[in-house]
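We count ligands from 1, going down the list as the structure has it; atoms in each ligand are counted the same way.
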Amino acid sequence: MDTPLVGSSPSIQKIREIIRLVSQDTSLNVVITGETGVGKEVVARVLYELSPRRKKEFVKVNCAAIPDTLLESELFGVEQGAFTGAHRKRKGKFELADGGVLFLDEIGDMSFPLQAKLLHVLQSGEYSRLGSETNITSNTWVVSATNHDLKQRILEKKFREDLYYRLNMIQINIPPLRERPEDIPELITHYTRHYQDKYPDRVIAPLSTHTYGRLCDFSWPGNVRQLVSVLQRILLIGCDDETLSEILHEHPAPTTPDATPANGNGLVEKLRAMAADSPEAMETFSLKAIRKNATDLVEKEVIAKVLDRTNWNRTHASKILKISYKTLLTKIDRLNISEPN
Ligand SMILES: Nc1ncnc2c1ncn2[C@@H]1O[C@H](COP(=O)(O)OP(=O)(O)OP(=O)(O)O)[C@@H](O)[C@H]1O
Ligand SMILES: [Mg+2]
């Protein structure tokens, strides 16, 4: 098995039990939910590995990464000559996953029109390649994942309720790591061993008790993915306490009352510094301009922080910030946020 599901918190034990039962009855479609980095793909792969379908393919489709126009042919395939440029027949993911598992990642981002087509396939059990009249019987176990609240998307009319019930026959919700901190030591042990095995020529020193304690106490907003990447860095490059603080974004205890988060992460202090730099500018500022500046300042701080935590994965960052990918790019540009080298 690629990545085992590490952890023995009550919630992970319960998930393991659901996986054990569900993997034996692959007629029930599954939706895996949870914040980014909690292990939704790990769970999907374990479901596949334990099911009788493991002899066939596990086919992953990222519904958010593929433009809508391409996603349809990606899912259902294309008949030769279906449109200009379709020089030869191409199988779709449904066909490739025949007898196996179709993992629809980021299902909450699928467009409304395509949701209707997917629903049709799930209801009829049949589909056809684009440009073909011939029906193909679908025999795949559909496992989906999302970090959206699908019920909320239904209320916003962005997700079809009928499709939701088709996909969500079984729901597996993975809680964030901060709600199951007892899994952290096991994850540290597992991934320390993993990196030692991966780099057999290197002597990887175990974590100091102090660092170990800090990792166990941290709240991990980026969940297991963030823990794994921080741990990898510590084990392979080393990391002093101060650097670790920077990585974890835990700033040293504030020295002035203004620097406490209560006033907006040092915002007042920054505005004061701006005034000190250019008092005349402060005088001529309209309240509107000050408000705009303050908003920009806060936005810049928050966006930079989220980008940093997601390792500059803009798709993830835009989801966390609940803005579109395009808006995020515009903001990065306008607020002059630069990626560290
Ligand atoms: N319980 C776990 N045991 C071992 N590794 C885990 C576990 N949960 C997550 N990981 C590791 O954390 C990383 C992120 O996991 P995964 O890709 O499954 O998250 P995800 O929920 O699909 O995130 P996203 O929503 O961002 O796609 C991977 O490296 C994965 O191997
Ligand atoms: Mg994922």
Contact (N/O only, under 3.5 Å) between Arg225 and ligand 1 = yes
Pairs satisfying ring-ring contact (aromatic ring centres under 6.0 Å, His included), at least one member in residues 296-341, at least two apart = none
ask   = Who's the nearest protein heavy-atom neighbour of atom 11 (C) of ligand 1, and how far?
value = Tyr191 OH, 3.5 Å
query = Are Pro4 and ligand 1 in contact, using a heavy-atom cut-off of under 4.0 Å?
reply = yes
query = Quick one: do the Thr330 and Asp333 side chains pair a donor with an acceptor below 3.5 Å?
reply = no
query = Does the N or O separation between His190 and ligand 1 drop below 3.5 Å for any pair?
reply = no
inquiry  = Taking only non-hydrogen atoms of Gly7, do any sit less than 4.0 angstrom from ligand 1?
reply    = no
ask   = Between Glu17 and Gln13, is any side-chain donor less than 3.5 angstrom from a side-chain acceptor?
value = no
note = Looking only at protein heavy atoms, what sits closest to atom 23 (O) of ligand 1 is Gly37 N, 2.9 Å
key: Any donor-acceptor N or O pair under 3.5 Å, side chains Thr327, Ser324   = yes
key: Closest approach of any protein heavy atom to atom 15 (O) of ligand 1, naming residue and atom   = Gly39 CA, 3.8 Å
ask   = Taking atom types as modelled and ignoring hydrogens, do the side chains of Ser245 and Arg214 form a donor-acceptor contact shorter than 3.5 angstrom?
value = yes
ask   = Do you see a donor-acceptor pair shorter than 3.5 Å between the side chains of Ser128 and Glu133?
value = no
task = Looking only at protein heavy atoms, identify the closest one to atom 20 (P) of ligand 1 and say how far it is in Å.
result = Lys40 N, 3.5 Å
ask   = Can an N or O of Val224 be found at a distance shorter than 3.5 Å from an N or O of ligand 1?
value = no
remark   = heavy-atom search around atom 22 (O) of ligand 1 in the protein gives Glu41 N, 3.3 Å
Polar atom proximity, Leu187 to ligand 1 (N or O, under 3.5 Å) = no
message = Show the atoms of ligand 1 that are less than 4.0 angstrom away from any heavy atom in Asn147.
response = 25 (O)
ask   = Out of Leu227, Asn313, Val6, Thr36, whose heavy atom is nearest to atom 26 (O) of ligand 1?
value = Thr36
query = Can you tell me if Arg53 and Thr26 form a side-chain donor-acceptor pair at under 3.5 Å?
reply = yes
Kindly list each side-chain donor-acceptor pair under 3.5 angstrom involving residues 90-99, sequence neighbours excluded, with atom names and distances?
| from | atom 1 | to | atom 2 | distance (Å) |
| --- | --- | --- | --- | --- |
| Glu95 | OE1 | Arg129 | NE | 3.1 |
| Glu95 | OE2 | Arg129 | NH2 | 2.7 |

message = Would Val42 count as a polar contact of ligand 1, with the cut-off being nitrogen or oxygen pairs under 3.5 Å?
response = yes
ask   = For the side chain of Gln115 and the backbone of Ile107, is there at least one donor-acceptor N/O pair under 3.5 Å apart?
value = no
